[in-house]
Structures are given as structure tokens and as C-alpha cells.
A.B. asks: 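Pasting a structure here, questions to come.
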Amino acid sequence: MAAKSDKTKSDKTKSDKTKSANTKSDNTRSDRPPDRLSNDPRSPYYEADAFKRDVGIRFKGVEKTNVSEYCVSEGWVRVQVGKTKDRYGNPLAIKLTGPVEAYFKDEKK
């Protein structure tokens with residue numbers, strides 16, 4: 001019986017360490033934009049807090065203002081194609097691959 005309680009205690013300690021590691025990464029992450037972000041509220045990659053700080057995107061060294069979604073680690077952006085709409089009424093977008101750099105336009109206060 002004592003072995004079970006020791007095992008449970010060590011499992012709790014491991015989960016506490018994991019939780020503290022996650023909070024540290026959340027604090028450092030607030031200085032950089034998320035790795036992947038979408039401006040569609042239905043997307044799992046939508047983060048309203050990031051949009052409050054005005055995220056800027058540089059794709060292949062050029063500032064892009066029509067980006068609807070990006071992923072820095074995978075190296076792609078989705079950009080809107082003019083005023084064209086798809087059959088559901090959403091803006092039509094194409095996926096472009098290349099080096100992506102995301103940054104906050106304003107300094108954190």
C-alpha cells in the first residue's frame with residue numbers, strides 16, 4: 001500500500017512541474033506573437049489577445065497587410081485574393097510558402 005501512495009505522490013509532483021513550466025512559457029510567449037494565428041473566429045488558431053496588440057507579418061522580407069492566417073514554423077501564409085468570395089461568402093485566399101516573420105507593431109506597455 002505504501003508504494004502506491006509514493007507513486008501517486010511522485011506523479012503529482014511531476015504534474016506540478018509541468019504546470020509551472022507551462023506558465024513560464026506563457027509569460028515568454030507574450031513577448032512574441034503566436035507561431036500560428038488566424039483572423040477567423042471559428043478557427044482553433046484564433047487569439048483575440050494577439051489582435052489587440054496589432055500583429056505585423058513580413059513574408060519574404062515584404063510587409064503583408066492582407067494575411068488571413070500564417071504559420072511561422074511551417075513557413076506559409078494565407079493571403080486574400082482581391083474582393084473574390086468563395087461559395088460560402090468568405091474571402092477567397094491562397095496559400096503561399098516561404099520565410100515568415102511575425103512581430104508586434106506596438107511595444108508592450
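Just the heavy atoms: all of them, side chains too, but no hydrogens, waters or symmetry mates, feed the values below.
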A.B. asks: Kindly compute the distance separating CD (Gln80) from OG1 (Thr65), expressed to the nearest 0.5 Å.
C.D. replies: 9.5 Å

A.B. asks: Would you say Tyr45 has more than 12 foreign heavy atoms packed within less than 6.0 Å of its OH?
C.D. replies: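 No, because the 6.0 Å sphere around OH of Tyr45 holds 12 heavy atoms or fewer from other groups.
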
A.B. asks: Quick one: closest heavy-atom pair of Lys105 and Val55, and the distance?
C.D. replies: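 Smallest interatomic distance, heavy atoms only, reads CE-O, 4.2 Å.
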
A.B. asks: Please give me the minimum heavy-atom distance between Asn39 and Val67, naming the atom from each residue.
C.D. replies: ND2-O, 4.0 Å

A.B. asks: If you round to the nearest 0.5 Å, how far is OG of Ser68 from NZ of Lys95?
C.D. replies: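 Here the interatomic distance stands at 11.5 Å.
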
A.B. asks: Using 0.5 Å steps for rounding, measure from the CD atom of Glu101 to the CZ atom of Arg58.
C.D. replies: 4.5 Å

A.B. asks: Would you verify whether the NZ or CZ of Arg32 falls within 45 degrees of the ring axis of Phe104 while also being under 6.0 Å from that six-membered ring's centre?
C.D. replies: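 Geometry flag: not set, cation outside 6.0 Å or 45°.
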
A.B. asks: Tell me whether Val100 shares a hydrophobic cluster with Leu96, the cluster being built from Ile, Leu, Val, Met, Phe, Trp, Tyr side chains joined at under 4.5 Å.
C.D. replies: yes

A.B. asks: Let me confirm one number: the CG-CZ distance from Leu92 to Arg78, rounded to the nearest 0.5 Å.
C.D. replies: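 Nearest 0.5 Å value for the CG-CZ distance: 10.5 Å.
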
A.B. asks: For Leu37 and Ala50, work out which heavy atoms get closest and say how close.
C.D. replies: CD2-CB, 4.0 Å

A.B. asks: Kindly work out whether a path of hydrophobic side-chain contacts (I/L/V/M/F/W/Y, heavy atoms less than 4.5 Å apart) joins Tyr70 to Ile94.
C.D. replies: yes

A.B. asks: So which heavy atom on Glu63 is nearest to which on Gly56, and how close?
C.D. replies: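 Closest approach of Glu63 to Gly56, heavy atoms only: OE2-CA, 4.2 Å.
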
A.B. asks: Under 6.0 Å between ring centres: does that hold for Phe51 and Tyr46?
C.D. replies: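 Judged by ring-centre distance (under 6.0 Å), Phe51 and Tyr46 do meet the cut-off.
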
A.B. asks: Same hydrophobic cluster for Val81 and Trp76, using side-chain heavy-atom links shorter than 4.5 Å among ILVMFWY?
C.D. replies: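 Result: no, two separate clusters.
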
A.B. asks: Given salt bridge (Lys or Arg N to Asp or Glu O under 4.0 Å), test Glu69 with Arg36 step by step and report yes or no.
C.D. replies: CA-CA 7 Å; Glu69 186 175 2; Arg36 186 168 178 179; 3.2 Å; yes

A.B. asks: For Val79, is there any backbone N or O sitting under 3.5 Å from a side-chain donor or acceptor partner on Asn66?
C.D. replies: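 Here the side-chain-to-backbone pair does not exist.
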
